[in-house]
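Worksheet: one structure, shown below.
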Amino acid sequence: MKSALLANFSRLFGRPPEIVARAPGRIEFIGNHTDYNGGPVLGVAIDRSVWVALARRDDEQRQFASAQREDVIRLPVGRLEKMSGDASWANYPLGVLAAFPAFGLRVPAGFDYLALSDLPVGAGLSSSAAIELASALAFTAAVGECPSREVLVRAARHAENRFVGVPCGILDQGVSGFGRKDHLVFIDCRGPRFETVPLPAGAHFWVFNTHTHHALVDGLYAARHRECMEAAHALGATLLVDVRPEALATVAPGTLSPVAAKRAQHIVGEISRVSSSVEALRAGDLAAVGRLLTASHRSSQHLFENSTAELDFLVDTLAATPEVHGARLTGGGFGGAVMAMTSEKFDDGAARRVAAAYAQKFGASPDILHLQTGDGAGLV
Ligand code: GLA
């Protein structure tokens, strides 16, 4: 990837880059929609990344290019407004630049910038967080600063929330920033506090991307966010992380609407499943972890109602396969991808059989990705 990036950069801008940064995508392991509720979540940084190359310029021009697009976006230094259409990918680096002052970070003036990725876009693997993190690292290197990883992660999330306009939690940026090969990232999202947990040997990750996408997915994500906040307030808490399972089980009738009760049950259940998963991972009990993964999906399916017939079919098919420890939707939901944790006996043939059963029912094949864990964002 690095040599392709360098070659592309020189071809486009007529000189080599000064800085190269890389940030990985992530799999949401367990803890669905817990992050913005202040709860814990587990994610895995993967071996697919977004790479950013940058060289400073002497003038007040910024040139943004992406290996995925033909055109170069040229903007004067003072212009930090949201782009649309084909240029909207540039909202990720622009959002990071716009976020920096709020974190006391300086922004570079003129530069040439190129992004290249081996991380599929729209596969639920958070290519957006990866490009934000890689950009943030490149920009700080360009002004000779080396902020903490936590500051970079928070600035990247700020970019996504305030500039791109997605009210996401800290999961995606946190995992891309703090990932470690052969480990999972545990985030206590209220702190936030970041830790790594060793992945027991023999666990394999497979992602099945359905390419289905609910037309209202952004609105539905925001709606779930709102429903969770309303449920917390009705229960006298600021965030659902402060609601104990016993309190939820004994809540007076009429305190919560039926919908709010389901959303709260999902989040409170997920919070305890994340803790149980950490214990089972530390004990090396992959079968127990797998059961928690599938239980998480069932909760998304029935209580949080962010699954779809396509995702349910994949989880049902995978869960019935002996080499699969567990499977669940990964990411925001309402379409997108399913992840499975399997033993090494699950192979390409087994994955293709799952895809073929899916294709027979839904008329299109999901993409299959066999992913390894990878290290978090860094300068290269
Ligand atoms: C998306 C968001 C994350 C998280 C998940 C659901 O991936 O970007 O912050 O809320 O959905 O867990």
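Indexing begins at 1, ligand by ligand and atom by atom, following the structure's order. Atom set for the values below is all heavy atoms of this structure, side chains included, hydrogens, waters and symmetry mates excluded.
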Residue, atom name and distance, where the atom is the protein heavy atom closest to [atom]:
atom                   : answer
atom 2 (C) of ligand 1 : Tyr221 OH, 3.4 Å
atom 3 (C) of ligand 1 : Asp35 OD2, 3.4 Å
atom 8 (O) of ligand 1 : Asp172 OD2, 2.5 Å

Just jot down the ligand 1 atoms closer than 4.0 angstrom to any heavy atom of [X], in number order.
X      : answer
Arg26  : 7 (O)
Gly169 : 9 (O)
Gly31  : 12 (O)
Asn32  : 6 (C), 12 (O)
Cys168 : 2 (C), 8 (O), 9 (O)

> Can you tell me if His370 and His204 form a side-chain donor-acceptor pair at under 3.5 Å?
Replying inline: yes
>> For a quick check under 3.5 Å, do Ser299 and Arg273 share a side-chain donor-acceptor pair by atom type?
In response: yes
> Do the ring centers of Phe163 and Tyr92 come within less than 6.0 Å of each other?
Replying inline: no
>> Any salt bridge linking Arg263 with Glu305? Criterion: basic side-chain nitrogen under 4.0 Å from a carboxylate oxygen.
In response: yes
> Can you check whether Gly332 has an N/O within less than 3.5 Å of an N/O in ligand 1?
Replying inline: yes
> When the ring planes of Tyr113 and Phe139 are compared, do they come out parallel, tilted or perpendicular, using 30° and 60° as the limits?
Replying inline: tilted
>> Taking 4.0 Å as the limit for heavy-atom contacts, which would you say applies to Glu28 with ligand 1: side chain only, backbone only, both, or neither?
In response: side chain
> Only one of Tyr36, Phe334, Phe304 forms a ring-ring contact (aromatic ring centres under 6.0 Å, His included) with Tyr221, so which one is it?
Replying inline: Tyr36
>> Would you say that more than 12 heavy atoms from the other residues, nucleotides or ligands in this model lie under 6.0 Å from the CD of Gln68, or not?
In response: yes
